[in-house]
Amino acid sequence: MHLVLAAQPADAAVTGPDPGSGSGPVCAVRVLDERARQGPTPAEVVTRDGLATLVHEAESSTSPPRWTWDDTNRWYPALLTAGERVERCRDLRLAHRILRVSSLAATSDLATSSPSGWDALEHSPVGGAAVVGVLRAPQEESLFDLAAAPRAERERAREKGVPPSGAGADAGLDPVAELAVQEAAVTGSTAPGRLRLLLAAESAGALAAAEMHHAGLPWRTDVHDAVLTETLGPRPAPGRRPERLEALAVRIRAALDAPDSLNPDSHPDLLRAMEYAGVGARSLRKWELERIDHPVVEPLLEYKSLYRLYTANGWSWLDQWVRDGRFRTDYVVGGVVTGRWSASGGGALQLPRGVRRAVQADPGWVLVVADAAQLEPRVLAGLAADETMAAAGAGGDMYAGIVATGAVETREHAKVGMLGAMYGGTTGVSGQVLPRLSRAFPRAMGLVEDAARTGERGGSVTTWLGRTSPPPGQAWDAAQSGALGDGAPADAASLARSSARAWGRFTRNFVVQGTAAEWALCWIAAIRRRLWRLPTAAQPNHGPAPFADRAHLVFFVHDEVVVHAPAALAEDVAREVREAAEEAGRLLFGDFPVSFPLTVATVDSYADAK
DNA sequence: GCTTTGTGCCAC
DNA sequence: AAACGTGGCACAAAGC
C-alpha cells in the first residue's frame, strides 16, 4: 500500500487525527494500492503533529505502507525529530531522475514527455528550503541541463531559502499522478523487476541518509583536539601558524637558503625559491617531490602533510562541524552520476585516516565497521556472468583467487590489473597484465571493453539495475566534429581521439561503479531493516530518538558502513551486516554464484578498524 | 571588493 | 606534468 503525501495550502481543512493540535495543515494523505490505484478513501488532511501520529500508527501495523512523497528530505527529518522512523518509501524525485533517462524505460510516457517540475527538483539539504532548478525554455538546447542555472546562483537562492525564478517549491506537482506515471514506466519497461528494485533501493538510501544525518557520527572533540595538539602543537592564536608548522617553515627556508619572508603557502614563491636552490621540481606535488633528492624535500613534505591536517580537519573544522558529540554531513543520494552518494559538509567521505581516532562509540556502545572486500571486481563478475571470475572470488580474497587461476603471478598484479581494467588504465603493470586477464576472464573483460567502445562512440551504457549514463556534452560533440573537414586544425584530430577515449573510460567505469553502488544501496537497505528488528539497548547512547536505544547506521562510504551498536549486540549486528551483504548479492544476481564477503571489525574507535 | 580558476590532497 | 574512474574541499592567485 502506498500512502501518498502531498503538501497542502494553509487554508485547507484538517480532517485527520489530532485536528486540534499542531500548526496549520501540513499535508494530504491519500491511500493507493500497490499498483498506484486510488481507492474510494478520500484524502485526509493533517497537521504536523497529526502526521507524526498517523505515521506512528501506520508503522506499528504488521505491513507498514510505502510512504510516497516528492522528496525524502522534505518530510522525513521532521518525522525523525518527532521520534518516528519509517520502514520504506518512494522518493518520487529520485525515482523520476532515474526513469527519465533509463534505457530500460526509454519508451515510457515519463521518458518521452517534455520536462516537468519533477525534472527541476534538486537535492535539498536537511533543514534547508526545497530547491527548484531553472527549467529552460523548450526551444533551447539541452533541455535536461538543469546545471544550466549557475551553481553560485542556486546556492545564493538556497542560502536565502528562496527558490530561484519565483517557482513555488512544488508548484503543480501532483505526487499521485507522478506515482502513476512512474508505475506505468516501470511496468512497461524491458526489466520491471530490476527497475523496481532500483527505485526501492534508491528510496531506502534516501531514508538511510536522512537517518544518518539525524543520528550523526559519534565524534570525540577532546580526542580530536589531542590528535591535533600532538601533531601540530597547541591551537595557535588566530592568524598564526601552529608551532610545528612554523618550525618546518624555518627548516624549509634554511634548506633553500631563502629569506625569512618566504611563505611556504605561496606556490609561486616557493617554486621560485626551489628553482634558485636547484631542487629541480616542476610542481609541488607529493609524488614528484618524493622522487627528488634534496634537503628541502623532507621538511617540505612534512609541512604539506601537517598543513593539510590543519586546514582540512583542524580546529576550525571541529568548531564548524561537530555539535553535541556528533558530526553531521549532508549526504546527497545519487550525488554522483554513477549513483554513488556524495556528501556536502566537512568532507565527510574523505575523512583522513589520522582523524578517525576521534570517531568513538558512546559508553557501553561499540562501532561495528564493515567493508565489502574487492566489491567492484565481484560486481563485474556478476554483471558479466563470468563464472570463472566469480569462482576466483569464492575464497574470500579475490585477488589471491585470480593468482590461483594462474592468470597472473602476484596479488599486486591481479589487483592493479583489475583496477586498470575497470578504470581504463593502459600503462605500467596494469597494461602489461591486461592481455592475460582478458584470456582468463573473457566475459568480464569483454563487458568493460564493450562499455568503453560504446562510450567512445558517444553512446550510453546502463547498470545492472537500470541506471543509464548521460550523453557526452557539447564540448565533446564539438571536439568530435572539430576533427572533420579540410580546415581542421592539426591537433583537432588528437583532441577528438583523446576525448573519445576519455568518455570511453567514463562509460567503462560507469557500469561497474554504478552497479557496485546499486549493490551498496541494497546492502544498506537490508542493514537498516535488520537493525531495526534487533532488541533495544538497556543503556541509551547520547544521541536522539528514535535511535538512542537501537543499533543504527552512522556512516556510509561507497562500500563501507559504520554501525553504532550497544556493546551487547555487537555479534548480532556483525551477523546482520554479513547477512545483509548476502541478501544484496541475491537481490542483484539471484542464484549466480558470486559472493560478497566483508571485513567486519567491532571497535571502540573507527581508527582501529582494518 | 567580489567571483572564478588553478593547484593539490583526501576518500573509495 | 600523471598514468587511470568518481567525488569534496581549502587555499592562493588570477580575473573582473
Side-chain angles (χ1 to χ4, degrees), chain A residues 150-153 155-156 241 263-272 280-291 300-301 303-314 316-317 320-321 329-332 334-356 371-377 379-380 415-432 434 448 451-452 455 461 463 467 469-470 498 501-517 519-520 555-561 606 610:
Chain A
R151 191 188 181 85
E153 181 191 314
E155 278 166 5
R156 266 197 305 277
R241 279 194 189 91
N263 175 9
D265 303 339
S266 166
H267 287 185
D269 292 358
L270 186 54
L271 276 169
R272 233 184 327 268
R282 274 161 292 185
S283 77
L284 295 172
R285 288 178 170 81
K286 189 168 72 172
W287 64 266
E288 189 182 347
L289 294 175
E290 278 165 351
R291 297 171 169 186
L300 181 52
L301 286 174
Y303 182 92
K304 284 161 65 73
S305 165
L306 298 194
Y307 181 75
R308 165 81 190 183
L309 173 65
Y310 177 55
T311 55
N313 296 97
S316 14
W317 183 94
Q320 188 178 359
W321 295 110
T329 190
D330 179 30
Y331 287 104
V332 185
V336 180
V337 271
T338 57
R340 272 187 177 182
W341 296 7
S342 61
S344 169
L349 302 190
Q350 321 142 239
L351 288 180
R353 287 264 185 290
V355 304
R356 294 186 182 188
D371 76 281
Q374 307 99 35
L375 177 59
E376 292 194 346
V379 158
L380 174 56
K415 181 176 176 177
V416 172
M418 285 307 304
L419 291 174
M422 294 182 296
Y423 291 162
T426 53
T427 60
V429 172
S430 173
Q432 305 261 317
L434 208 56
V448 288
V461 295
T463 60
R467 197 183 305 261
S469 69
S498 88
R501 289 203 178 133
W503 200 255
R505 289 192 297 275
F506 166 63
T507 51
R508 170 197 292 271
N509 187 250
F510 184 96
V511 290
V512 180
Q513 189 183 113
T515 304
W519 179 90
F555 195 56
F556 169 62
V557 215
H558 310 315
D559 62 356
E560 179 177 352
V561 295
Y606 190 14
K610 288 192 252 192

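As the structure is a prediction and not an experimental result, all values here were calculated from the model. Computed from heavy atoms alone, side chains included, the values below leave out hydrogens, waters and symmetry copies.
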TODO: To the nearest Å, give me how far apart CZ (F506(A)) and P (dC4(C)) are.
DONE: 17 Å
Open item on the list: Does dC12(B) have its OP1 or OP2 closer than 4.0 Å to a side-chain nitrogen or oxygen of R353(A)?
Closed with: yes
Task: Value rounded to 0.5 Å, distance of OH in Y606(A) from CZ in F555(A) - done: 5.0 Å
- [ ] Would you classify W341(A) as touching base, sugar-phosphate or nothing, given that sugar-phosphate means primed atoms plus P, OP1 and OP2, and contacts are heavy atoms under 4.0 Å?
- [x] nothing
Open item on the list: Please report the distance, rounded to the nearest Å, between CH2 in W287(A) and P in dC10(B).
Closed with: 15 Å
Open item on the list: Categorize G335(A) for me: base, sugar-phosphate, or nothing, with a 4.0 angstrom heavy-atom threshold over every strand shown.
Closed with: nothing
Task: salt bridge (Lys or Arg N to Asp or Glu O under 4.0 Å) involving R501(A) - partner list, sequence neighbours excluded - done: none
Open item on the list: Students often get this wrong, so: under 4.0 angstrom with heavy atoms, is A343(A) touching a base, only sugar-phosphate, or nothing?
Closed with: sugar-phosphate
Please tabulate the protein-to-nucleotide N/O contacts below 3.5 Å involving nucleotides 10-13 of chain C, giving atom names and distances.
residue, atom, partner, partner atom, Å
dC11(C), O3', Y307(A), OH, 3.3
dA13(C), OP1, S266(A), OG, 2.6

Task: Residues from residues 418-428 of chain A lying under 4.0 Å of DNA chain B - heavy atoms - done: none
Open item on the list: For a quick check, tell me whether the side chain of R285(A) and the base of dC9(B) share a donor-acceptor pair closer than 3.5 Å.
Closed with: no
Task: Protein-nucleotide distance (Y331(A), atom OH; dC12(B), atom P), rounded to Å - done: 13 Å
Task: Among dG7(C), dG5(C), dA1(C), the nucleotide that comes nearest once only the side chain of Q350(A) is considered - done: dG7(C)
Task: Rounded interatomic separation in angstrom, taking CZ from R282(A) and C1' from dA1(C) - done: 7 Å
Task: Qualifying residues under side chain to side chain donor-acceptor pair (under 3.5 Å), relative to S283(A), sequence neighbours excluded - done: E288(A)
Task: P352(A) side-chain proximity, nearest of dT6(C), dA11(B), dG7(C) - done: dA11(B)
- [ ] Describe the nucleic acid contact of V337(A) in one word from base, sugar-phosphate, nothing, applying a heavy-atom distance below 4.0 Å.
- [x] sugar-phosphate
Open item on the list: Can you check the distance between dC12(B) and dC4(C), where both ends of the measurement are the C1' atom (answer in whole Å)?
Closed with: 14 Å
Open item on the list: Counting the atoms with a prime plus P, OP1 and OP2 as sugar-phosphate, which does S305(A) contact under 4.0 Å by heavy atoms, base, sugar-phosphate, or nothing?
Closed with: nothing
Task: T426(A) side, atom OG1; Q432(A) side, atom CD - distance, nearest 0.5 Å - done: 11.0 Å
Open item on the list: Could you walk me through whether L309(A) and V355(A) satisfy the side chain to side chain contact (heavy atoms under 4.5 Å, CB included) test, starting with their C-alpha distance in whole Å, then the side-chain angles of each, then the deciding distance to 0.1 Å, before giving a yes or no?
Closed with: CA-CA 9 Å; L309(A) 173 65; V355(A) 304; 3.6 Å; yes
- [ ] Could you note down all residue pairs passing side-chain hydrogen bond (donor to acceptor under 3.5 Å, both in side chains) where residues 303-314 of chain A supplies at least one of them, sequence neighbours left out?
- [x] R241(A)-Y303(A), D265(A)-Y303(A)
TODO: Would you classify R340(A) as touching base, sugar-phosphate or nothing, given that sugar-phosphate means primed atoms plus P, OP1 and OP2, and contacts are heavy atoms under 4.0 Å?
DONE: base
Task: Side chain proximity check, K286(A) to L289(A), heavy atoms < 4.5 angstrom - done: no
Task: Nearest-angstrom distance, C1' atom, dT5(B) to dA3(C) - done: 24 Å
Task: E288(A) CD - dA3(C) C1' separation (whole Å) - done: 14 Å
TODO: Using the P atom on both, measure dG15(C) against dA1(C) and round to a whole Å.
DONE: 16 Å
- [ ] Give one of base, sugar-phosphate or nothing for L284(A), where a contact means two heavy atoms less than 4.0 Å apart.
- [x] sugar-phosphate
TODO: Measure the shortest side-chain to side-chain distance between W321(A) and T329(A) over non-hydrogen atoms and say whether it is less than 4.5 angstrom.
DONE: no
TODO: Would you mind reading off the distance between L375(A) atom CG and dA11(B) atom C1', rounded to a whole angstrom?
DONE: 15 Å
Task: Rounded interatomic separation in angstrom, taking CZ from R291(A) and P from dA1(C) - done: 15 Å
Let me have the donor-acceptor pairs involving side chains of residues 506-514 of chain A, under 3.5 Å, with sequence neighbours excluded, atom names and distances please.
residue, atom, partner, partner atom, Å
T507(A), OG1, A451(A), O, 2.8
T507(A), OG1, G455(A), N, 3.4
T507(A), OG1, W503(A), O, 3.2
T507(A), OG1, G504(A), O, 3.1
R508(A), NH1, A421(A), O, 2.9
R508(A), NH1, E449(A), OE2, 3.2
R508(A), NH2, E449(A), OE2, 3.2
N509(A), OD1, Q513(A), NE2, 3.0
N509(A), ND2, M422(A), O, 3.2
Q513(A), OE1, T338(A), OG1, 2.7

TODO: Whole angstrom is fine here: how far is it from CG in L349(A) over to P in dA11(B)?
DONE: 12 Å
Task: Distance, nearest 0.5 Å, that separates CG of L375(A) from CD of E560(A) - done: 12.0 Å
- [ ] State, with a plain yes or no, whether a side-chain heavy atom of V557(A) is found less than 4.5 Å away from one of L351(A).
- [x] no
Open item on the list: Any base atoms under 4.0 Å from R501(A), or only sugar-phosphate, or nothing? Heavy atoms, all strands.
Closed with: nothing
TODO: Establish, with yes or no, whether the OP1 or OP2 oxygen of dG8(B) is under 4.0 angstrom from a side-chain nitrogen or oxygen of K286(A).
DONE: no
